[in-house]
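For the numbers below, each heavy atom of this structure counts, side chains included, while hydrogens, waters and symmetry mates do not. Source: prediction; values computed, not measured.
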Amino acid sequence: QADLVESGGGFVQAAGSLRLSCAASEPQFRTYAMGWFRQVYGKEREFVAAIDWTGEKPLYAAPVKGRFTISRDNAKNTVYLQMNSLKPEDTAVYYCAARIGQYIPINTASQAPSWYDSWGQGTQVTVSS
């Protein structure tokens, strides 16, 4: 189980930017696939982006592609979500997640919450119009 702590959420106007961070507690993190999800109250958790241990060829959900960028700094045990051109519909609680296991590649299955083993507590992002 990886302890994950998100930060960086907040309130921003439409067209603004935020950068979310997810810090992991264990050094094996650098070998894990990681994902970002978001959830609006009363709705299902929605895939946002995923990244493998190399940081290459990340996956993005269609609504955020071209606006959001997932990245990682393995030396800091941290994964980031840079969110630009934010829209009111991006308002949600954002969660990071880890797939426990070394060097597991990401694929279409990585878009499902059930693919992940460990979750952070979430950070609220609110975008005003």
Residues at least two apart in sequence or cross-chain that pass side chain to side chain donor-acceptor pair (under 3.5 Å) with S17, listed by chain then number, are N84

Can you list everything that forms a side-chain contact (heavy atoms from CB on, under 4.5 Å) with A109? Sequence neighbours excluded, please. N107, W115

Side chain to side chain donor-acceptor pair (under 3.5 Å) filter on S128, not counting sequence neighbours, yields none

What pair of heavy atoms forms the shortest contact from A92 to V40, and how long is it? CB-CG2, 4.0 Å

Nearest 0.5 Å, what's the SG-CD1 distance between C96 and I70? 9.0 Å

Report the residues that fulfil ring pair (Phe, Tyr, Trp, His ring centres under 6.0 Å) with F29, sequence neighbours left out, ordered by chain and then residue number. none

Going by salt bridge (charged side-chain N to carboxylate O under 4.0 Å, His left out), name the pairs with one or both residues in residues 10-21, residues two or more places apart or in two chains. none

Applying ring pair (Phe, Tyr, Trp, His ring centres under 6.0 Å) to W53 and not counting sequence neighbours gives Y103

Using the test side chain to side chain donor-acceptor pair (under 3.5 Å), find all partners of T31 that sit at least two apart in sequence or belong to another chain. none

State which residues pass side chain to side chain donor-acceptor pair (under 3.5 Å) with Q28; sequence neighbours excluded, sorted by chain then number. none

What residue pairs, at least two apart or across chains, pass salt bridge (charged side-chain N to carboxylate O under 4.0 Å, His left out) with a residue in residues 48-63? none

Quick one: salt bridge (charged side-chain N to carboxylate O under 4.0 Å, His left out) pairs with a partner in residues 91-113, sequence neighbours left out? R99-D117

Could you give me the CA-CA distance, side-chain angles and deciding distance for V48 and L81, then say whether side chain to side chain contact (heavy atoms under 4.5 Å, CB included) is met? CA-CA 9 Å; V48 175; L81 185 69; 4.1 Å; yes

Residue pairs meeting salt bridge (charged side-chain N to carboxylate O under 4.0 Å, His left out), one or both in residues 68-95, sequence neighbours left out, come to R38-D90, R67-D90

Identify the heavy atoms of S118 and I100 that sit nearest to each other, and give their distance. CB-CD1, 4.3 Å

Worked verdict on I51 versus W36 for side chain to side chain contact (heavy atoms under 4.5 Å, CB included): CA-CA 9 Å; I51 192 168; W36 283 98; over 6 Å; no

Working to the nearest 0.5 Å, report the span between OG1 of T78 and CZ of R30. 10.5 Å

If you compare all heavy atoms of V79 against all heavy atoms of S71, which two are closest, and at what distance to 0.1 Å? CG2-O, 3.0 Å

To the nearest 0.5 angstrom, please state how far the CZ atom of R45 sits from the OH atom of Y116. 12.0 Å

Once you round to the nearest 0.5 Å, how far does CD of Q124 lie from OG1 of T91? 7.0 Å

Step by step, would you call F37 with W119 a ring-ring contact (aromatic ring centres under 6.0 Å, His included)? CA-CA 10 Å; F37 287 75; W119 293 82; 5.1 Å; yes

Are any of the side-chain heavy atoms of Y32 and I104 separated by less than 4.5 Å? no

Which atom names give the shortest non-hydrogen contact between A24 and L4, and what distance separates them? CB-CD2, 3.8 Å

Which heavy atom of K43 sits nearest a heavy atom of Q39, and at what distance? O-NE2, 3.0 Å

Reported NZ-to-OH distance for the pair K65 and Y60, which is rounded to 0.5 angstrom: 9.5 Å

How long is the span from the CD atom in Q82 to the CG atom in L18, to the nearest 0.5 Å? 8.5 Å

So ring pair (Phe, Tyr, Trp, His ring centres under 6.0 Å) across residues 63-96, not counting sequence neighbours, yields none

Where is the tightest heavy-atom contact between M83 and V125, given as atom of each residue plus distance? CE-CG2, 3.8 Å

